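Step one of this worksheet: look at the structure below.
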Amino acid sequence: MNIDIDPQKMARYVEELGRLGELPDGGMARFQYDVAWAQAQDLVAGWMREAGLRVRRDAVGNVFGRLPGADDSATILTGSHIDTVPEGGKYDGALGVLAGLAALEALAALGERPRTSLEVVSLCEEESSRYQANFFGSRAMLGLVGPDEPATLKDADGVSMAEAMTAVGLDPSAVATAKRDDVAAFVELHIEQGKVLETAGTDVGIVEVITGLVWEEIVVTGRQDHAGGTPMDARLDAVQAAAEISTAITRHVAETDKAGRVTFGRWDVRPGWPSIVPGEVVLSMDLRHTVAEDLKARADEVHRIAATIAARRGVEITFERLKDETPTVMDTRLREALTQAAADCGATSMDLPSGAGHDSQLMGEHVPTAMLFVPSVEGRSHCKEEYTHPEDCVRGASVLATALHRMAF
């Protein structure tokens with residue numbers, strides 16, 4: 001059987017949640033423990049209650065809506081994250097929360113008690129937009145948050161996570177109580193954030209593997225000099241060196257492997273003055289691949305390329321590893337359930353990798369996990385133009401609900 005989703009209610013969820021943290025010129029800014037974040041979690045919790053689910057919050061601010069089963073000792077969990085990237089869209093993460101809510105609402109309306117308990121979660125953080133928290137909500141559920149972490153992590157204004165938690169009514173000393181041992185499976189619906197589905201004209205995607213990624217901070221140190229007094233051939237210009245390094249690495253990744261990705265998204269030029277030859281550049285590197293061995297090989301080659309160029313230009317270069325996440329293969333049994341659910345709903349489906357990282361990446365290292373993708377218009381994401389058609393939102397939620405029915409009833 002297929003489970004139908006109310007399209008009007010789904011549209012209401014997307015639009016009303018999308019107003020919380022919306023920027024005047026479009027896009028979103030809803031960061032962990034800020035005002036918009038707190039309002040969003042309260043709104044979702046209220047909708048969960050209206051749906052007849054049992055609602056609770058854990059110590060880090062994850063919000064759960066539960067549909068108890070005959071066996072209440074294990075839980076099939078669905079959902080995603082509520083926070084956004086700076087100037088991001090209203091579908092990334094949030095649609096997975098809302099689709100999970102709509103799915104459980106539809107299942108609760110059947111009037112049947114599931115064999116296994118079902119739960120939807122609105123995770124407190126995934127994007128690391130305010131704090132370099134790195135899947136804080138799912139890490140807390142898995143018992144992977146250290147007791148001193150909230151006091152140690154600080155945002156750009158110097159506000160510690162512990163202070164931010166206290167401001168929204170959470171106790172930073174209680175993070176260990178968020179750990180759960182009852183999650184038997186995790187299924188996350190998400191926008192694709194690419195255009196494979198749209199190009200193929202396929203309704204939903206069943207994720208095979210989630211990319212691994214390496215985040216590094218690269219510091220290129222040259223020599224600060226006068227822009228007028230220093231001849232071009234006497235300069236140790238950190239910007240020009242960094243530009244050549246980033247261009248060479250980008251070309252290497254693009255030409256050697258279609259599965260590889262590299263992005264240099266943040267640059268800090270010092271001292272950053274028009275009449276001064278830059279003495280230092282700090283830039284970020286995001287390197288991704290779906291195969292662990294290839295990701296390591298690319299990282300090693302990137303370092304070699306950068307060191308060669310730095311030596312030739314007479315500048316110094318250092319790398320600091322900020323994130324190192326291995327690719328995660330999704331659970332075969334859960335993938336089959338999603339594929340069958342798509343067929344039950346009359347939706348076309350295809351297998352594909354995820355080039356973006358998700359909470360499922362971490363969850364999949366500890367419990368059986370699967371991901372369901374719905375199309376992103378023109379593949380756009382992490383921008384105000386991010387959009388998924390209402391019918392795709394409803395179809396995805398229906399496939400999710402149908403899969404959860406197969407798993408739990």
Side-chain angles (χ1 to χ4, degrees), residues 2 5 7 10-11 14 18 26-28 80 84-85 87-96 98-99 187-213 250-263 265 286-291 294-295 298 327-330 334-358 360-361 370-400 402-403:
N2 67 292
I5 301 297
M10 190 76 208
V14 171
M28 302 288 297
S80 193
T84 73
V85 296
E87 300 183 24
K90 62 185 177 184
Y91 296 87
D92 179 4
L95 185 61
L98 300 177
V187 183
E188 182 178 11
L189 179 143
H190 208 281
I191 59 172
E192 182 194 343
Q193 301 178 288
K195 59 188 304 181
V196 173
L197 292 175
E198 184 181 65
T199 301
T202 302
D203 295 328
V204 296
I206 315 300
V207 175
E208 300 172 293
V209 58
I210 301 175
T211 187
L213 67 86
T250 300
R251 184 184 303 114
H252 168 75
V253 172
E255 293 177 352
T256 56
D257 193 340
K258 288 187 177 181
R261 307 282 190 275
V262 69
T263 305
D286 178 312
L287 182 67
R288 304 184 184 221
H289 205 286
T290 55
V291 179
D294 290 345
L295 178 62
R298 291 290 171 271
T328 303
V329 177
M330 298 290 93
L334 296 181
R335 285 177 53 209
E336 290 172 351
L338 288 172
T339 301
Q340 185 58 57
D344 292 343
C345 294
T348 57
S349 67
M350 64 185 295
D351 295 334
L352 77 174
S354 171
H358 302 283
S360 288
Q361 184 167 354
M371 286 199 79
L372 177 70
F373 275 173
V374 294
S376 296
V377 172
E378 296 183 356
R380 303 297 301 280
S381 184
H382 281 193
C383 60
K384 65 182 180 181
E385 293 82 8
E386 179 181 280
Y387 185 68
T388 291
H389 291 296
E391 57 269 28
D392 287 324
C393 296
V394 171
R395 184 185 294 111
S398 180
V399 172
L400 175 65
T402 302

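Position 1 is the first residue of the sequence; numbering continues from there. Given the structure is predicted, the values throughout are model-derived calculations rather than measurements.
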Gap separating the [atom1] atom of [X] from the [atom2] atom of [Y], nearest 0.5 angstrom:
| X | Y | atom1 | atom2 | answer |
| --- | --- | --- | --- | --- |
| His252 | Asp257 | NE2 | CG | 9.0 Å |
| Glu386 | Ile191 | CD | CD1 | 3.5 Å |
| His358 | Thr211 | NE2 | OG1 | 9.5 Å |
| Leu372 | Leu334 | CG | CG | 12.0 Å |
| Phe373 | Gln193 | CZ | CD | 7.0 Å |
| Ile5 | Leu98 | CD1 | CG | 11.5 Å |

Kindly indicate whether the side chain of [X], heavy atoms from C-beta on, has any atom under 4.5 Å from the side chain of [Y].
| X | Y | result |
| --- | --- | --- |
| Asp286 | Arg261 | no |
| Tyr91 | Ser376 | no |
| Val262 | Arg298 | no |
| Met10 | Leu95 | yes |
| Arg395 | Val374 | no |
| Asp92 | Thr84 | no |
| Thr290 | Glu208 | no |
| His190 | Ser80 | yes |

Between [X] (side chain) and [Y] (backbone), is there a donor-acceptor pair under 3.5 Å?
| X | Y | answer |
| --- | --- | --- |
| Thr328 | Gln361 | yes |
| Thr388 | Pro375 | yes |
| Thr402 | Ser398 | yes |

For [X] and [Y], which heavy atoms make the closest approach, and how far apart are they?
| X | Y | answer |
| --- | --- | --- |
| Cys345 | Asn2 | SG-CB, 3.7 Å |
| Ala341 | Ala403 | CB-N, 3.5 Å |
| Ala200 | Met350 | CB-SD, 4.0 Å |
| Leu400 | Val187 | CD1-CG1, 3.7 Å |
| Glu188 | Ser360 | OE1-OG, 2.7 Å |
| Leu338 | Met371 | CD1-O, 3.8 Å |

| task | Report the residue from Val207, Ile206, Val209 that forms a side chain to side chain contact (heavy atoms under 4.5 Å, CB included) with Met330. | result |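 With Met330 as partner, Val207, Ile206, Val209 yield a single side chain to side chain contact (heavy atoms under 4.5 Å, CB included), made by Val207.
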| task | Tell me, yes or no, whether the heavy-atom count around Glu87 atom CD, taken from other residues, nucleotides or ligands under 6.0 Å, exceeds 12. | result |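 Atom CD in Glu87 is not crowded, with 12 or fewer foreign heavy atoms closer than 6.0 Å.
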| query | Where do Val204 and Leu189 land on the side-chain contact (heavy atoms from CB on, under 4.5 Å) test, with the steps shown first? | reply | CA-CA 10 Å; Val204 296; Leu189 179 143; over 6 Å; no
